[in-house]
*Asks:* 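Before I ask anything, let me first share the structure, which is written out below as structure tokens.
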Amino acid sequence: MTIVNLLKLYRPDVFVITAINGICGYYFTVGKITFETIYLALFISGILYNYVYTLNAITDITADRINKPERPLPSGKLPYNIAMVYLVFLIVVAIVGIILLFKGKSMIMAFLVLIIGGIYSLPPFELKNIPILAS
């Protein structure tokens, strides 16, 4: 049950949309889809954006207790310390994966997902609290 609740920190629609966007973006730029394109899109969607959403779920736990108490962390279905271990796992896999899978500008863009995701959720920036920058 813990695994199910860990997966609920991320949104399935974001996983699908991000993966499709990555594949389509490559196709419209290069004119073909390769196996590499697919696994990179799945890595970006499944690891990088999962990290961003998990971090946000952890940092939003107080607000979610009021607005979304059914979510795994505020409801207590998922212990906070387990979510933190999962977050560390995701960031380690993300960094190692970026270094191994990407080159040049693509590597920079992949790291930007992690950096901007952190700036979005973490003090002192917390872009999620600045209406025009949140989107």
Side-chain angles (χ1 to χ4, degrees):
M1 197 56 128
T2 300
I3 293 173
V4 170
N5 285 311
L6 284 171
L7 295 175
K8 286 182 179 179
L9 297 176
Y10 190 33
R11 291 179 31 198
D13 61 320
V14 173
F15 174 80
V16 171
I17 291 167
T18 307
I20 290 171
N21 282 339
I23 293 166
C24 289
Y26 188 83
Y27 176 77
F28 292 133
T29 303
V30 178
K32 63 181 178 177
I33 296 174
T34 65
F35 180 70
E36 181 183 21
T37 306
I38 294 168
Y39 75 73
L40 289 177
L42 292 174
F43 175 80
I44 292 166
S45 186
I47 301 296
L48 302 186
Y49 281 94
N50 192 344
Y51 163 78
V52 171
Y53 273 76
T54 299
L55 174 63
N56 190 55
I58 290 169
T59 59
D60 273 0
I61 193 169
T62 304
D64 284 349
R65 282 189 180 117
I66 297 165
N67 300 319
K68 298 177 184 176
E70 72 283 353
R71 297 203 70 209
L73 283 170
S75 70
K77 293 176 189 168
L78 178 66
Y80 180 82
N81 60 337
I82 300 292
M84 289 300 293
V85 169
Y86 183 59
L87 183 70
V88 170
F89 167 78
L90 287 171
I91 192 69
V92 168
V93 171
I95 291 170
V96 171
I98 290 169
I99 291 168
L100 295 175
L101 298 173
F102 296 89
K103 298 173 197 75
K105 293 176 187 174
S106 296
M107 182 184 283
I108 293 168
M109 295 301 289
F111 273 118
L112 277 176
V113 172
L114 301 181
I115 293 165
I116 294 171
I119 291 172
Y120 178 81
S121 293
L122 294 171
F125 305 104
E126 293 181 286
L127 296 181
K128 64 185 173 190
N129 295 327
I130 304 170
I132 197 152
L133 297 177
S135 49

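In what follows, every heavy atom counts, from backbone to side chain, and hydrogens, waters and symmetry copies are set aside. Bear in mind that the values here come from a model prediction, so they are computed numbers and not experimental data.
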*Asks:* For M109, which residues count as a side chain to side chain contact (heavy atoms under 4.5 Å, CB included) partner, sequence neighbours excluded?
*Replies:* L112
*Asks:* Enter the distance from I82:CD1 to F89:CZ here, rounded to the nearest 0.5 Å.
*Replies:* 13.5 Å
*Asks:* Who pairs with V14 by side chain to side chain contact (heavy atoms under 4.5 Å, CB included), at least two apart in sequence or on another chain?
*Replies:* Y10, R11, T18, Y53
*Asks:* Which atom pair, heavy atoms only, marks the closest approach of G22 to T37?
*Replies:* O-CG2, 4.5 Å
*Asks:* Could you pull out the closest heavy-atom pair between A83 and L6, with the gap in Å?
*Replies:* CA-CD2, 4.2 Å
*Asks:* Within the distance-only criterion (no hydrogens, no angle test), does the side chain of T59 pair as donor or acceptor with the backbone N or O of L55 below 3.5 angstrom?
*Replies:* yes
*Asks:* Can you pull out every side-chain hydrogen bond (donor to acceptor under 3.5 Å, both in side chains) where at least one residue sits in residues 86-100? Sequence neighbours excluded, please.
*Replies:* N50-Y86
*Asks:* Are V85 and I3 joined in one hydrophobic group, where the rule is that I, L, V, M, F, W and Y side chains link up if heavy atoms are under 4.5 Å apart?
*Replies:* no
*Asks:* Aromatic contact between F43 and Y39, with the criterion being ring centroids under 6.0 Å apart: yes or no?
*Replies:* no
*Asks:* What's the shortest heavy-atom distance between K8 and R71, and which atoms?
*Replies:* O-NH2, 3.4 Å
*Asks:* Please write out which residues are connected to I17 in a hydrophobic cluster, directly or through intermediates, given that two of Ile, Leu, Val, Met, Phe, Trp, Tyr count as joined at side-chain heavy-atom separations below 4.5 angstrom.
*Replies:* none
*Asks:* In Å and rounded to the nearest 0.5 Å, what is the CD1 to CG distance from I23 to L42?
*Replies:* 6.0 Å
*Asks:* Please determine whether residues Y49 and I20 belong to a single hydrophobic cluster, defined as Ile, Leu, Val, Met, Phe, Trp and Tyr linked transitively by side-chain heavy-atom distances below 4.5 Å.
*Replies:* yes
*Asks:* Of the non-hydrogen atoms in K77 and E70, which two are nearest, and what is the gap between them?
*Replies:* NZ-O, 3.9 Å
*Asks:* Which residue pairs satisfy the salt bridge (Lys or Arg N to Asp or Glu O under 4.0 Å) criterion with at least one member in residues 52-63, sequence neighbours excluded?
*Replies:* D60-K128
*Asks:* Determine, using the 4.5 Å side-chain heavy-atom cutoff (strictly less than), whether F125 and I132 are members of one ILVMFWY cluster.
*Replies:* yes
*Asks:* Is it the case that one hydrophobic cluster holds both I61 and I66, taking links as side-chain heavy atoms less than 4.5 Å apart, direct or via other members?
*Replies:* no
*Asks:* Can you tell me how far apart CD1 (I47) and CZ (F15) are? Round to the nearest 0.5 Å.
*Replies:* 9.0 Å
*Asks:* How many angstroms lie between CD1 in I98 and CE in M107, if you round to the nearest 0.5 Å?
*Replies:* 8.0 Å
*Asks:* With distance as the sole test, does T54 use its side chain to make a donor-acceptor pair with the main-chain N or O of Y51 at under 3.5 Å?
*Replies:* no
*Asks:* With the side chain counted from C-beta on, respond yes when Y80 and I58 share a heavy-atom pair under 4.5 Å apart, and no when they do not.
*Replies:* yes
*Asks:* If you round to the nearest 0.5 Å, how far is CZ of F102 from CZ of F111?
*Replies:* 9.5 Å
*Asks:* Considering non-hydrogen atoms only, spot the tightest contact between P72 and N5 and give its length.
*Replies:* CG-O, 3.5 Å
*Asks:* Hey, could you give me the CG/CG distance between L48 and L114, rounded to the nearest 0.5 Å?
*Replies:* 5.0 Å
*Asks:* When clusters are formed by joining ILVMFWY residues with side-chain heavy atoms under 4.5 Å apart, either directly or through shared neighbours, do L40 and I99 land in the same one?
*Replies:* yes
*Asks:* Nearest heavy-atom pair of A41 and A19: which atoms, and what distance?
*Replies:* CB-O, 3.7 Å
*Asks:* When clusters are formed from ILVMFWY side-chain contacts under 4.5 Å, directly or step by step, what else is grouped with V30?
*Replies:* Y26
*Asks:* Side chain to side chain contact (heavy atoms under 4.5 Å, CB included) for L9 and L78? Distances and angles first, verdict last.
*Replies:* CA-CA 10 Å; L9 297 176; L78 178 66; 3.7 Å; yes
